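What you are looking at is a predicted structure, and each value in this text was computed from that prediction instead of being measured. Note that ligands are numbered from 1 as they come in the structure, with each ligand's atoms numbered from 1 the same way.
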Amino acid sequence: MSVTIEGYIFDLDGVVVDTAKYHFLAWKKLANSLGFDLAEAFNEGLKGVSRMAALDLVLSIGGIAADSGERQAYADSKNGYYLEYISAMSRDEILPGVVEILEDIKERGCGSAIASASKNAPLILESIGIRTLFDVVVDGNRADRAKPDPEVFLLAAGDLGADPGRCVVFEDAVAGLEGAARAGMYCVGVGNPRVLTGADLVIPDFAGFSLRRI
Ligand code: B16
Ligand code: MG
């Protein structure tokens, strides 16, 4: 980037920790309880989107119509399965290189934030003992509009006191990259370059990654 970077904004699920696999397993359990199965390939579309939007995608696969009371019950049921998985998480599940990057950001005197669609983000950050490494946390409890809306990223930049055009976002989801781009931020995709085509730069993970590459 040719401008001075004022803030680094991290998605949580799939970037800091691999909770995407737990979300998928929990959705699969819900689908199985409703009499159908979910293929692994379907997981990509569930990443980064809100709980209720993900539920609607899952129900459409099973061809299941539900009223608002049933939808809420299904979402609660999936979240119950998900909470079982994440309650067993520990610091070992922080993805490789993440802590080193956060320490580098601190040494540079820059701000760091979480911008996650998840309402469970505070619980996960506490479980893995990493909350204090972030200056700001914005999650699905505060952002009203789900990714790909840019709201969660703009709230994070605002809390950091950073100009959105001088922020870098790390995201594993197509919907998240679209939201970050709409916020006017530099987008680093974390994952597969064939999937994350909307990113300015794609890295497989943070292992061996240097902020000098941005
Ligand atoms: P919850 P992120 C997102 O988190 C997940 O990627 C997405 O799969 C999930 O549906 C969403 O959070 C809501 O999560 O049910 O825990 O509120 O990737 O934006 O950190
Ligand atoms: Mg994610």
Below 3.5 angstrom, do we get any N/O pair linking [X] and ligand 1?
{"X": "Asp172", "answer": "no"}
{"X": "Glu171", "answer": "no"}
{"X": "Lys147", "answer": "yes"}
{"X": "Ala115", "answer": "no"}
{"X": "Ser116", "answer": "yes"}
{"X": "Leu46", "answer": "yes"}
{"X": "Trp27", "answer": "no"}

For the backbone of [Y] and the side chain of [X], can you confirm whether one donor and one acceptor N or O come within less than 3.5 Å of each other?
{"X": "Arg182", "Y": "Pro148", "answer": "yes"}
{"X": "Ser112", "Y": "Leu133", "answer": "yes"}
{"X": "Asn120", "Y": "Leu123", "answer": "no"}
{"X": "Arg145", "Y": "Glu151", "answer": "no"}
{"X": "Asp200", "Y": "Val188", "answer": "no"}

| Closest contact, heavy atoms only, Val15 versus Leu95 |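 In this case the closest contact between Val15 and Leu95 is O-CD1, 3.5 Å.
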| query | Got a second to check how far Asp159's CG is from Leu155's CG, nearest 0.5 Å? | reply |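 Going from CG on Asp159 over to CG on Leu155, the span is 7.0 Å.
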| Test of ring centre spacing under 6.0 Å for Phe42 and Phe24 |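 Between Phe24 and Phe42, which both carry aromatic rings, the centre distance is not below 6.0 Å.
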| task | Quick one: look up the protein heavy atom nearest atom 18 (O) of ligand 1 and list residue, atom name and how far away it is. | result |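 Scanning the protein heavy atoms, the shortest distance from atom 18 (O) of ligand 1 goes to Asp11 OD1, 2.8 Å.
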| field | atom 15 (O) of ligand 1: nearest protein contact (heavy atom, Å) | value |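 The answer is Arg51 NE, 2.7 Å.
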Ligand-residue contact atoms, ligand 1 with [X], heavy atoms, under 4.0 Å:
{"X": "Leu12", "result": "20 (O)"}
{"X": "Gly48", "result": "5 (C), 6 (O), 7 (C), 8 (O)"}
{"X": "Asn120", "result": "1 (P), 16 (O)"}
{"X": "Lys47", "result": "6 (O), 8 (O)"}

Same cluster for [X] and [Y] if Ile/Leu/Val/Met/Phe/Trp/Tyr side chains link at under 4.5 Å?
{"X": "Val99", "Y": "Ile203", "value": "yes"}
{"X": "Leu211", "Y": "Leu160", "value": "no"}
{"X": "Ile9", "Y": "Val190", "value": "no"}

| Where does Thr19 meet ligand 1, judged by heavy-atom distances below 4.0 Å: at the side chain, the backbone, both, or neither? |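 Neither; no heavy atom under 4.0 Å.
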| message | If we set the cut-off at 4.0 Å for heavy atoms, which region of Lys119 has an atom near ligand 1: side chain, backbone, both, or neither? | response |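 Both the backbone and the side chain of Lys119 come within reach of ligand 1.
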| query | In chain order, what residues pass the side chain to side chain contact (heavy atoms under 4.5 Å, CB included) check against Ser77, with sequence neighbours excluded? | reply |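 Result, side chain to side chain contact (heavy atoms under 4.5 Å, CB included) vs Ser77: Leu30, Tyr81.
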| request: Provide the protein N, O or S atoms situated under 2.8 Å from the Mg ion (ligand 2); waters are not included. | output: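 Listed by chain and number: Asp11 OD2, Asp13 O, Asp172 OD1.
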| Option whose closest heavy atom lies nearest to atom 10 (O) of ligand 1, chosen from Asp13, Val16, Val49 |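 That would be Val49.
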| request: For the residue pair Phe10 and Phe206, categorise the inter-ring angle as parallel (less than 30°), tilted (30 to 60°) or perpendicular (more than 60°). | output: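 Taking Phe206 first and then Phe10, their aromatic rings sit tilted (interplane angle of 30° to 60°).
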| cation_pi(Lys78, Tyr74) dist<6.0 Å, angle<=45 |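 The answer is no; the distance or angle limit is not met.
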